[in-house]
> 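Below is the structure I would like to discuss, written out as C-alpha cells.
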Amino acid sequence: MNKAVSEPAADTSAHNEMTGAEIVVQALKDNGVENIFGYPGGAVLPIYDELFQQEEVRHILVRHEQGAGHAAEGYARATGKAGVMLVTSGPGATNAVTPLQDALMDSIPLVCISGQVPTALIGSDAFQECDTVGITRPCTKHNWLVKDVNQLAAIIHEAFHVATTGRPGPVVVDIPKDIQFAKGTYTPPQTAPRTSYQPQEQGDINQIKAAIELMAHAKKPVIYSGGGVINAGPEASHLLRELVDLTGFPITSTLMGLGAYPASGANWLGMLGMHGTYEANMAMHDCDVMLCVGARFDDRITGRLDAFSPNSRKIHIDIDPSSINKNVRVDVPIIGDAGRILEDLVRLWRATAKPNKAALKPWWTQIDIWRARDSLAYRPNEDVIMPQYAIQRLYELTRDRDVYVTTEVGQHQMWAAQHFGFEAPNHWMTSGGLGTMGYGLPAALGVQIAHPDALVIDIAGDASVQMTIQEMSAAVQHNAPIKIFILNNQYMGMVRQWQQLLHGNRLSHSYTEAMPDFVKLAEAYGCHGIMCDKPAALDDAIREMISVDKPVIFDCRVAALANCFPMIPSGKAHNEMLLPDEASDEAVANAIDEEGRQLV
Amino acid sequence: MNAQLQPTGSAYFITKETEAAQTHTLAVLVDNEPGVLARVIGLFSGRGYNIDSLTVSETEHERHLSRITIVTRGTGHVLEQIKHQLERIVPVHRVVDLSVVADERGHDRPMERELALVKVRGQGDDRVEALRLADAFRAQVIDANTEHFIFEITGRVSKIEQFIAIMKPLGLVEVCRTGVAAMNRGPEGM
C-alpha cells in the first residue's frame with residue numbers, strides 16, 4: 001500500500017510555529033486526509049476548534065465512536081487510503097477499541113487520534129481519563145502518547161506511515177489536552193522512517209523461482225488468494241488475474257479477498273472455507289500444489305488442520321513473516337508485498353515456464369464434476385422470500401451499477417459472500433477476522449463518503465443492524481444515501497443454526513421477541529422505509545430502494561429457519577462438507593459426532 | 001502440524017500439541033522508549049507464551065537502545081512464532097534466538113549468567129558454614145554485621161539455584177535475582 005503524502009506547501013516553514021491542535025490538522029492535510037470520522041468531547045475540543053476554522057478536511061459526525069471507527073474502516077477499504085477517526089478521552093477511546101481490533105484482524109489502515117486529559121493529570125483518575133495507550137496496545141499495530149508538542153507532527157506522520165505500509169493496521173495517537181494548546185514546531189512528513197521498522201516488500205527471487213518450479217509441474221494446482229491482494233492495491237488484483245490467465249489454474253478466495261479475481265471469471269471456484277463452495281474446498285483438499293497469496297490459513301478456512309490439503313506442496317506469499325507456518329506448515333514461503341511478488345511471478349512464468357494447459361485437463365474435468373454438485377443450491381419458495389433468493393435478486397438488479405457492498409456478521413454475511421458476485425477489488429467490506437456485528441452500517445457510511453455517487457448497500461441481519469443503527473442519523477445528516485438491506489428472519493440466524501447443530505435445537509436467547517418496525521424507524525430517522533415479504537414483490541421493492549435518493553432501510557422478511565449451507569461441520573475436513581441437499585434434519589442433528597458434543 | 005484433532009463440537013478446531021517444549025534464550029534489541037517493555041510482555045501474556053526470565057537495560061546510550069534477554073519455553077513451532085511476533089513490534093530492531101545460534105556454531109548453549117543477592121541470618125556454626133560455602137561458590141560478602149551476611153553471587157542459573165538451596169537451612173532471609181544475561185561465544189557480535 002502506498003503512502004499518500006502530498007508535498008508540504010512551500011510556505012510551511014514560515015508558519016511552522018503552531019499550537020498542537022493546528023499541528024494535528026496540518027499533519028492530516030499533509031498526509032492527504034480529506035475526510036475524518038469523529039465525535040467531540042472535552043479532551044479534543046482544541047482540535048475541533050481548528051477543524052471548525054478550515055475547509056480542507058471534512059469531519060463526519062457520527063453518533064457513537066464505534067461508528068466512527070467502522071466508517072473509517074469502510075472508507076479505507078473502499079479507497080485504499082488510511083481511514084481516520086477522532087475521539088475524545090476516556091469513553092471516546094474505549095468505544096474505539098472494537099473497530100481498532102477489527103482493523104487489526106483484517107489488516108485495515110486506520111489512524112485513531114484520541115484526546116487525553118492534560119499531562120499533569122495523567123494517572124490521577126481525572127474526569128474522562130483512561131489509560132488509552134495501555135488499553136489499545138494489544139489492539140493496534142503501534143500507538144503513541146504524545147508528551148512533547150515538538151514531537152507531535154513527527155509522531156502523526158509516523159503513525160500514517162506505520163498504518164499504511166507493510167501489513168496495514170490500526171494505530172492510535174493519544175494527545176493530552178495541554179499538548180493541543182501548547183505551541184511547538186511543525187515538521188513536514190519525512191521519507192526516512194525509524195530504523196527499527198522496515199517491512200520487506202520485495203520477495204526473495206530464489207523462493208519465487210522455487211514457486212515457479214512447483215507450479216510448472218503441478219497436475220492439480222489451486223490458487224487461494226486473500227485480503228492481502230486487495231491491500232496490495234488494484235495493480236495486484238490485475239496481476240493476479242494475469243497469473244490465472246497465464247497458468248490456467250483454478251482460483252478460490254477467502255472472505256476478505258473477494259473481488260480480486262472476478263466472480264464471472266472462468267477459473268473462479270467461489271469462496272472457500274467453512275461456508276465456501278464444494279468445488280473450492282474439494283480442490284483445496286485434493287490439490288498437489290497450492291499457491292496462497294495474501295491469506296493466512298485462518299481456522300475458518302482450514303477446517304481440521306491434520307486433514308487440511310494433505311497431499312499438496314504449499315507456496316505462501318505474505319508480507320508478515322509471522323503468518324508463515326503459523327497454522328499450516330508451508331514448503332515455499334515468500335515474504336513480501338503481494339503485488340511485487342505477483343509481478344515477479346508473472347514475469348518469470350512468462351520467461352521460463354512452458355504453459356501446458358492441456359496437462360490440467362483431467363483436473364478441470366474433476367472440478368467440473370464438483371461444480372455440478374451445485375453446492376449453493378436452495379429450495380425456492382413462492383410464498384416466502386428465501387434469503388439466498390433475496391441476495392441473488394439484489395445482485396441481478398444492481399450489477400450494471402457501481403455498487404459497493406458491506407455486511408454485518410452472521411448468516412446474511414455468508415449468503416452475501418456466496419450469492420453476490422464481486423467483479424472488482426475494494427467493493428466488498430466485511431468484518432472477517434473479528435466478526436463484528438454492527439460493522440456494516442457505519443462502514444457503508446464511510447464508503448458512501450468516499451464515493452458519493454456510488455450505490456452503497458449494507459446487506460444486514462435484523463440482529464446485527466441494531467447494534468449500530470443510530471448511525472442512520474449520521475447518514476441523514478451527511479446526505480449519504482446508504483441502503484440498509486436487512487434479511488429479517490427474527491433470529492440471530494447463525495447463532496440459531498449453531499444451536500440447532502450443537503445444542504439439540506434449544507434456541508437459547510437467539511430469538512428477538514420485540515423487533516422494531518423498521519419502516520417506522522426509517523421514517524423516524526428521516527430515511528425511507530420499505531418492507532417486503534413476498535417473493536413476487538421483491539424486484540419492484542429493490543428497484544424502489546435503488547431509486548430513492550436518500551438513506552433507505554429495507555426490511556426484507558425472509559424464511560425464518562433457513563440454514564446457511566454448504567458447511568464444513570466442526571471437526572471435519574474440507575472433503576466432508578455438509579451439502580444443502582443432504583442436510584435433512586437428521587443429517588444436521590448428527591453433523592457433529594457424539595464425542596464432539598460431549599466436550600461442549 | 002503434529003497435531004491431533006480434539007473435537008470440541010464448537011466453532012473452533014482445537015489441536016493437541018504433541019511436540020516437546022524446549023527452553024530458549026532470546027536477545028531482543030529495542031528502542032528504549034516508554035511502553036516498549038509493556039509491548040514485549042503484553043505479547044507474551046496475550047498470546048499465551050511463557051517467560052522464565054526477563055532482563056532489560058539500556059546498552060547503547062547514544063542510540064537509546066535497550067537489550068532485553070528473555071528465557072522462554074515452547075515447542076519449535078511456538079518459538080518460531082515468538083521470534084516473528086517480537087519482530088512485528090515497531091520499536092523492535094532485532095530478535096536473535098541465542099540458543100539457535102549457539103547450536104549452529106556447535107556450542108551446547110549460549111553463555112548465560114545471572115547475579116543474585118542472598119541475605120542469610122544466623123549465629124554460631126551456621127554462620128561459619130554459610131561463609132565457608134559462600135567461599136566455595138565464589139560468592140562475595142557485600143554487607144555483614146554480627147547477625148547476617150549479604151552475599152553477591154554470579155554464575156549460571158543452576159549454580160545460583162544450588163547456592164540458594166544450600167543457604168536455606170543456614171538462615172536464608174531474602175533473595176534478589178537479576179534474571180539471565182546472555183550472549184554467544186566467539187568473536188561475532190549479535
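A quick note: this is a predicted structure, and the numbers were derived from the prediction, not measured.
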> Which bit of B/Q81 comes within less than 4.5 Å of chain A, counting heavy atoms only: side chain, backbone, both or neither?
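Just its side chain gets close to chain A.
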> Please state whether the side chain, the backbone, both or neither of A/D320 comes within less than 4.5 Å of a heavy atom of chain B.
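When you check distances to chain B, only side chain atoms of A/D320 fall under 4.5 Å.
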> So, A/F565 versus A/H275, ring centres under 6.0 angstrom or not?
no
> Give a yes or no on this: more than 12 heavy atoms of other residues, nucleotides or ligands lie within 6.0 Å of atom CZ of B/R88.
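Counting neighbours around CZ of B/R88, more than 12 heavy atoms of other residues, nucleotides or ligands fall under 6.0 Å, so yes.
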> Which region of A/I324, side chain (C-beta onward) or backbone (N, CA, C, O), has a non-hydrogen atom less than 4.5 Å from a non-hydrogen atom of chain B, or is it both or neither?
backbone
> Is B/V90 close to chain A through its backbone or its side chain, or both, or neither, when contacts mean heavy atoms under 4.5 Å?
both
> Could you look at A/P321 and say if it's the side chain, the backbone, both or neither that has a heavy atom under 4.5 Å from chain B?
both
> Just by distance, with hydrogens left out, do A/N231 and A/S107 show a side-chain donor and acceptor under 3.5 Å apart?
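Looking only at side-chain atoms, A/S107 and A/N231 do not form any donor-acceptor pair under 3.5 Å.
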> Identify which of B/E33, B/R94, B/R39, B/Q85 forms the greatest number of heavy-atom pairs closer than 4.5 Å to chain A.
B/R39
> Just checking A/H285 against A/F308, ring centres under 6.0 Å apart?
no
> What I want to find out is whether B/K83 reaches B/D97 closely enough, with some N-O distance under 4.0 Å, to be called a salt bridge.
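The answer is no: the pair does not qualify as a salt bridge.
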> Evaluate the side chain to side chain contact (heavy atoms under 4.5 Å, CB included) criterion for residues A/S309 and A/H574: first the C-alpha distance (whole Å), next the side-chain angles of each, then the deciding distance (0.1 Å), finally the verdict.
CA-CA 8 Å; A/S309 194; A/H574 274 172; 5.8 Å; no
> Is it the side chain or the backbone of B/E87 that comes within 4.5 Å of chain A heavy atoms, both, or neither?
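Contact with chain A involves no heavy atom of B/E87 at all.
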